[in-house]
Amino acid sequence: MSNKTVDVAIIGGGFAGIGSAIRLKQQGIDSFAIFERGDAIGGTWRDNTYPGAACDIPSRLYSYSFAPNPDWSHTYSGSNEILGYIETMAAEFGLGPHFRFGHNVSGIAFDEAAGLWEITIDGRSEAVRARAVVLASGPLANVSFPNIRGIEDYAGHKIHSARWDHDYDFTGKKVAVVGTGASAVQIIPELVDKAASVKVFQRTPGWVLPRVNRRTNAVTKELYRRVPAAEQLARQAWFYGHESVALGVVWNTPLTRVVELVGRAQLRRQVKDPWLRRQLTPDFRAGCKRLLMTDDYYPALQRDNCKLITWPIARLSENGIRTAEGIEHQADCIVFATGFDVSKTGTPIPVVGRDGRVLADEWSRGAYAYKSVAVSGYPNLFFTFGPNSGPGHNSALVYMEAQIDYLVSAIGAILEQDLRILDVRKDRQDRYNAGMQRRLTGTTWNSGCRSWYLTEDGFNATMYPGFATQYVNQLRTVDLADYTVVAADRNARKPRIAAVS
Ligand code: NAP
């Protein structure tokens, strides 16, 4: 047996992993390691550095309430600033010694007799053991290149939006962009400024809504610095503003028509050409796919050097993209803004629980969990951004903070009460998920469009069908009655060693 044991192993050094670490520390739990496969922190905000990368949720709300930042430069900050916020937080809370960079966790398995998770790391013969694991690897970590015929034949330059090549000079180049989702609409306005020509290959037009981005003036920053309550008030105002949007975005209601009216008005105002307007008009309910918040996407599409292509892509050729009607669109570079490989029917790494059960098998038709954070049969293991925790209308960080506070309480119980097993009861989990799927049938996400929220069979393992307030409330307390609880045999406990190299 390994002598390398920590109380908590956190897998992933992104927003969720860092938030979990801070809250553990604040609870006086210091024996933890953050395993990060990359060589820097920040997760999706480290990876998404494409030109124009920003968050379409206001920064005041896209931040942790326990780490307010009075200095956000704009209503909606760019990826650089968000990454800076994450790095500052990690430094201020003294997380440095807890990071294990270049540690790619290749699997975890539960040793029931010892009540310990065994964490296997690529290239290391010895596993690390932990009393609890936080799986914070994030849903948007692995890029997805589309399954288009001939993709290997293309001889030009290929760039994925989440792995930007900053050395590539777009000046004077013929560029093709595949995809028109949340990343693409931020990239395209930047590319048209540089490239000789930009062809945008659209499969499905999305709902585009205005995003009014303002610089935060010095007086406001000073106010937030001196009166933190004022900043909290601003955050609350944004929070409830977004909550009200749920009425039109999460469920199909008369307010959905209002959202669609706003989208249509923006289209009419910004696109005068009726043909182009028709090509850009969505044919699904607003909210079914992620809303696109941007003011400069439609104007960029109408620049002289930009062209929207709506013919389906037939294949890639050596020189570019061939569309279904037989035209070859030559390109020096293809930008794939085609999203992420989100595991909804498996697990990001092999997870072996009690009695050798394998979580990927149990999730083969779609992931599920209890309140998105715990899965029966996999004790002392907690998920951030787990099944059915995705927001369609509010800040992901509000959801994440609720998950973190819940899992930190549960881990606190494991350590304080010296528990060997804290395993959510299957009957509670089943009841929770039956309710979840019933509630999802009435949501816009399940109203008939194709999105990364659904499995191939249309099972929604991703989104939470309600208000953020409901989600947060259900995670306010850890009720041990929801769990099978087994105390540790005190004599069998091995000494804990905080340092893991
Ligand atoms: P995405 O939303 O999954 O969009 C992928 C785009 O690529 C879609 O337009 C899709 O078309 C298209 N596509 C995929 N495969 C294709 C193929 N074979 N042929 C042609 N087109 C293809 O990916 P994303 O834009 O990177 O965004 C992913 C998620 O990241 C978002 O939902 C959001 O959660 C997050 N994000 C957030 C922000 C933010 O500001 N907060 C910004 C960027 C990303 P279809 O629509 O037809 O499938």
Side-chain angles (χ1 to χ4, degrees), residues 54-62 75-76 180-186 204-214 234-271 277-278 280-298 372 385 388-400 402 435-454 458 460-474:
C55 185
D56 56 14
I57 294 286
S59 303
R60 203 69 55 207
L61 194 56
Y62 194 79
T75 318
Y76 301 91
T180 52
S183 301
V185 301
Q186 294 181 343
T204 317
W207 284 100
V208 176
L209 298 183
R211 187 192 77 155
V212 182
N213 197 12
R214 293 215 167 82
R235 182 182 164 95
Q236 288 301 310
W238 278 118
F239 176 78
Y240 286 108
H242 280 77
E243 280 294 74
S244 64
V245 171
L247 293 168
V249 170
V250 176
W251 299 281
N252 192 1
T253 69
L255 279 176
T256 315
R257 304 299 159 277
V258 177
V259 176
E260 291 173 357
L261 276 176
V262 175
R264 283 212 183 85
Q266 160 125 326
L267 186 57
R268 254 196 322 276
R269 202 177 57 251
Q270 292 194 322
V271 180
R277 215 187 287 154
R278 215 167 30 248
L280 291 170
T281 303
D283 64 355
F284 55 88
R285 290 264 79 92
C288 187
K289 288 159 98 79
R290 192 185 167 90
L291 295 172
L292 308 172
M293 313 291 292
T294 165
D295 296 316
D296 45 11
Y297 172 57
Y298 288 153
S372 78
F385 232 122
N388 296 112
S389 66
H393 67 285
N394 215 320
S395 169
L397 287 206
V398 169
Y399 291 64
M400 226 180 254
M436 184 70 21
Q437 290 304 319
R438 201 170 43 245
R439 286 165 63 193
L440 277 163
T441 54
T443 61
T444 52
W445 309 306
N446 288 34
S447 66
C449 68
R450 171 179 48 190
S451 77
W452 67 266
Y453 304 150
L454 308 179
N460 192 332
T462 315
M463 306 302 277
Y464 176 74
F467 292 99
T469 310
Q470 291 172 293
Y471 183 82
V472 170
N473 282 343
Q474 67 165 358

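Numbering of residues begins at 1 and proceeds along the displayed sequence. On a predicted model such as this, the values are computed, not experimentally measured, just so you know.
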Asks: Given the rule in the side chain to side chain contact (heavy atoms under 4.5 Å, CB included) test, do F467 and L247 qualify, once you have shown the distances and angles that lead to the verdict?
Replies: CA-CA 9 Å; F467 292 99; L247 293 168; 3.7 Å; yes
Asks: Mind checking the CG-CG spacing from D56 to L292? Nearest 0.5 Å is all I need.
Replies: 8.5 Å
Asks: Taking side chain as C-beta onward, heavy atoms only, is R290 less than 4.5 Å from W452?
Replies: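 R290 vs W452: side chains apart.
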Asks: Go through it in stages, so that I can follow the logic: the residues are Y298 and R277, the test is side-chain hydrogen bond (donor to acceptor under 3.5 Å, both in side chains), and I'd like the CA-CA distance, side-chain angles, deciding distance and then a yes or no.
Replies: CA-CA 10 Å; Y298 288 153; R277 215 187 287 154; over 6 Å; no
Asks: Which heavy atom in P205 sits nearest to a heavy atom in T281, and how many Å separate them?
Replies: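 Shortest heavy-atom separation between P205 and T281 comes out as CG-O, 3.5 Å.
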Asks: Would the distance check show the side chain of T75 and the main-chain N or O of R214 forming a donor-acceptor pair, the cut-off being under 3.5 Å?
Replies: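 Yes.
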Asks: Checking R439 side chain against P465 main chain: does a donor-acceptor pair fall under 3.5 Å?
Replies: yes
Asks: Could you tell me if the side chain of Q470 sits less than 4.5 Å from the side chain of N473, heavy atoms only?
Replies: no
Asks: Only pairs under 3.5 Å count here: list side-chain donor-acceptor contacts from residues 254-262, not counting sequence neighbours, and write none if there are none.
Replies:
unit_1, atom_1, unit_2, atom_2, d
T256, OG1, G248, O, 2.9
T256, OG1, W251, O, 3.0
T256, OG1, T253, N, 2.8
T256, OG1, T253, O, 3.0
R257, NH1, N252, OD1, 3.4
R257, NH2, N252, OD1, 3.3
E260, OE1, R285, NH2, 3.0
E260, OE2, R285, NE, 3.0
E260, OE2, R285, NH2, 3.4
E260, OE2, A286, N, 2.9

Asks: Taking all heavy atoms of Y76 and all of P58, pick out the closest pair and write down the distance.
Replies: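 Looking at all heavy atoms of both residues, the shortest contact is CE2-N, 3.5 Å.
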Asks: CG/L454 to CH2/W445 distance, rounded to the nearest 0.5 angstrom?
Replies: 10.5 Å
Asks: More than 12 non-hydrogen atoms from neighbouring residues, nucleotides or ligands closer than 6.0 Å to CZ on R269, yes or no?
Replies: yes
Asks: Starting at CE of M463, measure out to NE2 of H393 and round the result to the nearest 0.5 Å.
Replies: 9.5 Å
Asks: For Q474, which residues count as a side chain to side chain donor-acceptor pair (under 3.5 Å) partner, sequence neighbours excluded?
Replies: Y432
Asks: So, does N388 use its side chain to make a donor-acceptor pair with the main chain of N460 at under 3.5 Å?
Replies: yes
Asks: Among residues at least two apart in sequence or on other chains, which ones pass disulfide (SG to SG under 2.5 Å) with C288?
Replies: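 With neighbours one apart ignored, the set is C449.
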Asks: Please report the C-alpha distance between V398 and H242 in whole Å, then the side-chain angles of each, then the deciding distance to 0.1 Å, and finally whether the side chain to side chain contact (heavy atoms under 4.5 Å, CB included) criterion is met.
Replies: CA-CA 11 Å; V398 169; H242 280 77; over 6 Å; no
Asks: Whether the side chain of E243 engages the backbone of A468 through a donor-acceptor N/O pair (distance < 3.5 Å, no angle test) should be reported.
Replies: yes
Asks: How long is the straight-line distance from CZ of R211 back to CG of L291, given to the nearest 0.5 Å?
Replies: 14.0 Å
Asks: To the nearest 0.5 Å, how far apart are OG in S372 and OH in Y471?
Replies: 2.5 Å
Asks: Can a donor-acceptor pair be found, under 3.5 Å and without considering hydrogens, that links the side chain of T462 to the backbone of Y453?
Replies: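 Yes; judged by distance alone, with no hydrogens or angles, the pair exists.
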Asks: Looking at every heavy atom in both A396 and P391, which two are closest together, and how far apart are they?
Replies: CA-CG, 3.7 Å
Asks: When you measure from the side chain of Q186 to the backbone N and O of T294, does any donor-acceptor pair fall under 3.5 Å?
Replies: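 Checking the backbone N and O of T294 against the side chain of Q186, no donor-acceptor pair under 3.5 Å is found.
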Asks: What pair of heavy atoms forms the shortest contact from Q266 to V208, and how long is it?
Replies: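 Where Q266 meets V208 most closely, the heavy atoms are NE2-CG1, 3.5 Å.
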Asks: Which value, rounded to the nearest 0.5 Å, describes the distance between D295 atom CG and N213 atom CG?
Replies: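 Reported value, rounded in 0.5 Å steps: 8.5 Å.
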Asks: Between S389 and Y399, which heavy-atom pair has the shortest distance, and what is it?
Replies: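 Heavy atoms only, the tightest pair is O-CD2, 3.4 Å.
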Asks: So which atom in T180 and which in V185 form the shortest heavy-atom distance, rounded to 0.1 Å?
Replies: O-CG1, 4.0 Å
